[in-house]
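Read through the structure below, which is laid out as structure tokens, and then see the notes.
Start at 1 with the first residue, then count along the sequence. Each ligand, and each atom within it, is numbered from 1 in the order the structure gives.
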Amino acid sequence: MGTHSGDSVKEHAAASRRGPSAPGPALNNAAAASFDGLTHKLDYLDPAEIRRVRDAYRFADEAHLGQYRASGEPYITHPIAVAGLCAEWKLDAQAIMAALMHDAMEDCGITKAELIERFGAPTAELVDGLTKLDKLQFSTREESQAESFRKMLLAMARDVRVILIKLADRLHNMSTMGAMTPEKRLRIARETLDIYAPIAHRLGLNQTYRQLQELSFRYLRPWREKALSKAVFKARGNRRDVVERIQRDVERAFAQANLKAQVFGREKTVFSIYRKMSEKHLSFAQVNDIFGFRIVVSTLPECYLALGVLHQLYKPMPGRFKDYIAIPKANGYQSLHTTLVSPLGTAVEFQMRTEPMHAVAEKGIAAHWMYKSKNSAPSNAQEAQRLGTMWLQSLIDIQDETRDASEFLEHVKIDLFPDAVYVFTPKSKILALPKGATPVDFAYAIHSDVGDRCVAAKVNGEPVALRTELHSGDVVEIVTTAGAKPNPGWLNFVRTGRARSKIRHHLKTMELEESQDLGAKMLSQALRAEGLSMPPDDGPPSQHSVWPALLRWSGTRSREELLTDIGLGRKIASIVAKRLARLLTEHGARPDAVTLTMGRYGQDESAPAQNMVLIDGSEGLSVQLAGCCRPIPGDSILGYLGRGEGLLIHTTECSVGKRLFGRDSEGWLSVDWAEQPTRTFETGVSLLLHNGKGVLAEVATAVAAAEADITHIDMGEQAVADSAELKLLLAVRDRLHLADVIRALKRSAAVLHVERVKP
Ligand code: MN
């Protein structure tokens, strides 16, 4: 259950939308539903941009007409509020427009094509991205899965503006959950705490991060939250004098040092106090840094000056000074931190930073848009990516000398826009795969057995080809069949090393099994030539068995290995057979009943083929048909046992084969075709054609009429002006079948000449 239609925040809204009775509170909020509330926040945009935003508002307003929020307000109040949050971050016009229309596609049946037509592709892409994110729902509690889910969201967003709008959407939904059922509130709060708050933190949006945590905490632990808020409120009253006194002292000290600085008192959030208490097993009274101060100065050197002033004023606590200016946090946060002992003996933390550092500390990546000039609104996703990268670049500049910059860039880049796809199993487990991964990679990632037996796949419930590229958010299901085998063709498209090596391993094993079968065939044939049958492999080698002696002699560890060696041509069957015959005689185990003399055997006219390895096409990789002469059943053939490469079959007329035979007559083996080959075989024919329209179709028709298949076409060079050369690979049953095909081709008017290809 990885995907659901609609975020449940919206499901709730949907439940009450288009109700028969007009809800009361909606009328009172008519003003909130208008565009005016938003306009004054948009003064950083130019008039043309504001006109386009207004256009998007009208479109959204019409789309959501008659829909209401759970609270009874008109639905449009929600997109307006989301757009308002985005405007506070000074996001560009496209992002504000997308924020206004972010729920329009899913809820109101508006298509992406419509949005492209009216508002252009970049804005439509943003809305589409938001709609896709909306369909994802996180449902497990495992921390590792939460991390994968966060990465999946980032991978799917691709454009950082989509994430920013999504965070604004979540923030507004979290602050308007009052009318929902408690179960729904709990689930959404859990998801916000596990998924969205950490994303806000990663992007450096600390204010949003704290707000999301506070709101989640309120719904997840309502009693805890109430008690702690009360305690903080009381402590605030008790310490008001202290805080005011410290503030006065500090401001006076700065004035005396002639340093212009803004001094803000600040308070830890209830959630961060709660977390500190539960992580460090402290009571509320033991958490002593509830209050602190933030000093904002004009220049970077003044941060250090301010530090000096403070350290002269109060005694610093050893080991509590941290220089996040020289070594910023991974999300770009910069400040000096120090903890001082106040006049009353309590510890108080101070943070020193400049104005831009303060903006980054509170708004993170969004601060980038605030400082960007108005005219450089991103025109498309690449541009937005580039801006995201610029933000990262500015982070690198900050810590240029402190760390390995390129490593840092890679790290943050992967975090922000992961170069991976995240997909669901049918049971909602999330798997990370490299970009371009296919269902086969997915199958091997689950288990090598699933990969080996995989025959088909479904993505989001639809059957797809096994080579289909997977996308983040896909739900992937693998169909397996007992006894299915990996296809060597998979190696052409799998992306993971795991799938690749598992497929190779399986093919290797298959090859060895096939070679072993061939070796057994060859050895028993060679034994027949000695007048023997294959000695039984009767379990553990007994004293009387000849196998241990034979294995010792051959230097192999097992019967299987010996047979494989013979099949691969590493050992000669006739030599092994002769040795075995001698061993049997030495053991006195050569029973006369099966002893046949060579002479008698040779006279046995009824079984001439017994002396040969019979080829039926089922041998797999251990038998190769030579590519020069491409033998087919009916051809007279010879087998060449190359060292370690299995058995290579040539026709007896093949010139390449003859040359090989001249060089190495030892490795040749008599082979023949089995009575009933199990498959068709490929061979080449070359054609001379009239050069004209439709000749290829005529050739194809002729071949099909003769019930053969064309497996490859090679256009030759033009022989004469009005004729063309063509080479075909045909799959035929045997020579007779090939003769039929050639006859059929000759009958075709387009064909001038046809013959089988010979080396
Ligand atoms: Mn929404």
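For F271, the ring pair (Phe, Tyr, Trp, His ring centres under 6.0 Å) test picks out F217, with sequence neighbours left out. Residues satisfying the side-chain contact (heavy atoms from CB on, under 4.5 Å) test with A445, not counting sequence neighbours, are L431, L433.
When distances to the Mn ion (ligand 1) are checked against a cut-off of 2.8 Å, H172 contributes no N, O or S atom below that limit. Among the atoms of D103, an N, O or S atom falls under 2.8 Å from the Mn ion (ligand 1).
Side chain of T425 to main chain of K427: a donor-acceptor pair is present (N/O by atom type, distance under 3.5 Å, no hydrogens or angles).
To the nearest 10 degrees, the angle centred on the Mn ion (ligand 1) between OD1 in D169 and NE2 in H78 reads 80°.
H64 has its ring centre no less than 6.0 Å from the ring centre of Y68.
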